[in-house]
Amino acid sequence: MWKKIFGNKDPEKVPSDTSWMDGIDRARLPRHVAVIMDGNGRWAKGQGLMRTAGHTAGVKTLKRILKTASDIGIEALTVYAFSTENWKRPHAEVDFLMKLFAEYLDKELQEMNEENVRIHFLGRIDGLSGNLQKQVREAEELMKANTGIRFNIAANYGGQDELVRAAQSIARRVLRGELSPEAIDESTVEDCLDTCGCPPVDLVIRTSGDMRLSNFLLWQAAYAEFWFTETNWPDFTPEEFVKALVEFGHRDRRFGGLNDAGER
Ligand code: FPP
């Protein structure tokens, strides 16, 4: 994959070509970055193409951003590929997206594995087709021992749905007598989320101008910083991703308290 992203360049030499990464203060990097990859349809319209062409172009951007995040040393990257609400789209578009996910897994799995990526899926995977479910589970199994970037793909995912599933799972434990209601705390909930084992989201990036969370990672993004750009996802570049990371490094994060200077 890395080779494909950077054309014919020797993947070993890719880091020496990334001088635009120099502004990054590694001590102030986000551990977990979440991305709402919006604007595929608008990009396609602007090019006089079908909406589906925007999704195909969006896959190329995703590959570049995963490579960049991994190179920089981001611990976890979570992308919003398909929401529980996206089923409302025309059948042909939904069908196209499902085929695109299957093709992506088919083509990229081996190289992602070689690059030590640990893929994981968030959402109601049991709502996907039988074949896609099989691919998802095989991909997770193949990469489960990898130690590189954790790459979460949210597919058939909704933040509210995830919290409902967590509540159901906790209620079942209470009913079985394994847990008392008083013992339920934040970590009980976190352990039941699809992102279990990931650090909280530090930075949410949304492309294409809209400024909302759209039911994405409602719990995990409780103290996230937000970064918005007008750029449509297919045009989003590694340079712009790095710009978001650099700006994140300048944010004053207080988590409800005071900063180091004792100020709000
Ligand atoms: C939002 O743009 C994008 C999506 C609903 C699909 C995202 C999917 C990809 C980027 C394809 C690659 C994903 C994987 C995991 C292979 P939109 O269609 O809502 O654009 P619009 O708001 O301009 O209409």
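Counting convention: from 1, in listed order, for ligands and their atoms alike. Index from 1, following the sequence.
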Could you check atom 3 (C) of ligand 1 against the protein and tell me its nearest heavy-atom contact, residue, atom and distance included?
M37 O, 3.2 Å

Donor-acceptor contact below 3.5 Å, side chain H120 vs main chain D194
yes

Option from V204, L203, L77, N152 for which side chain to side chain contact (heavy atoms under 4.5 Å, CB included) with H32 holds
N152

Logged contact type for N86 with ligand 1, heavy-atom cut-off 4.0 Å, is side chain

Tell me the protein heavy atom at minimum distance from atom 9 (C) of ligand 1, and give that distance in Å.
N40 ND2, 3.7 Å

Please confirm whether E103 comes under 4.0 Å of ligand 1, counting heavy atoms of the residue only.
no

Any donor and acceptor pair, going by atom type alone, linking the side chain of T229 with main-chain N or O of T231 inside 3.5 Å?
yes

Using a strict cut-off of 4.0 Å, indicate which atoms of ligand 1 neighbour a heavy atom of A81.
6 (C), 7 (C), 8 (C), 15 (C)

Counting from 1 in the order shown, the ligand 1 atoms closer than 4.0 Å to a non-hydrogen atom of V59 are 11 (C), 12 (C)

Mind checking the CD1-CZ spacing from I205 to F236? Nearest 0.5 Å is all I need.
4.5 Å

Name the closest protein heavy atom to atom 24 (O) of ligand 1, giving the residue it belongs to and the distance to 0.1 Å.
R51 NH1, 2.9 Å

State whether the shortest distance between N or O atoms of Y80 and N or O atoms of ligand 1 falls below 3.5 angstrom.
no

Between the side chain of N40 and the main-chain N/O of G58, is any donor-acceptor distance below 3.5 Å?
no

To check your reading of the model: name the closest protein heavy atom to atom 20 (O) of ligand 1, its residue, and the distance in Å.
G41 N, 3.0 Å

E75 side chain to P199 main-chain N or O, any donor-acceptor pair under 3.5 Å?
no

Would you mind telling me if ligand 1 is within reach of the side chain of K107, the backbone, both or neither, using heavy atoms under 4.0 Å?
neither

Indicate yes or no for a side-chain donor-acceptor contact from T68 to the backbone of R64 under 3.5 Å, with no hydrogens or angles considered.
yes

Would D38 count as a polar contact of ligand 1, with the cut-off being nitrogen or oxygen pairs under 3.5 Å?
yes

Using modelled atom types only, decide if a donor and an acceptor are shared between the side chain of R206 and the backbone of R212 within a distance under 3.5 Å.
yes

Using modelled atom types only, decide if a donor and an acceptor are shared between the side chain of R51 and the backbone of W43 within a distance under 3.5 Å.
no

Short side-chain donor-acceptor distance under 3.5 Å, S208 and N232
yes

Would you mind running through ligand 1 and noting each atom that sits below 4.0 Å from a heavy atom of F101?
13 (C), 14 (C), 15 (C), 16 (C)

Can you tell which of E85, R89, K45, R42 gets a heavy atom nearest to atom 18 (O) of ligand 1?
R89

Say whether L62, considering both its backbone and side-chain N or O atoms, lies within less than 3.5 Å of an N or O atom on ligand 1.
no

Consider only side-chain N and O atoms of E115 and Q110, and report whether a donor and an acceptor are under 3.5 Å apart.
no

Looking only at distances, please establish whether an N/O atom of ligand 1 is found under 3.5 Å from an N/O atom of W43.
no

Tell me which part of V79 gets within contact of ligand 1: side chain, backbone, both or neither, using heavy atoms under 4.0 Å.
neither

Near Y104 (heavy-atom distance under 4.0 Å), the atoms of ligand 1 are 16 (C)

Any non-hydrogen atom of S208 lying under 4.0 Å from ligand 1?
no

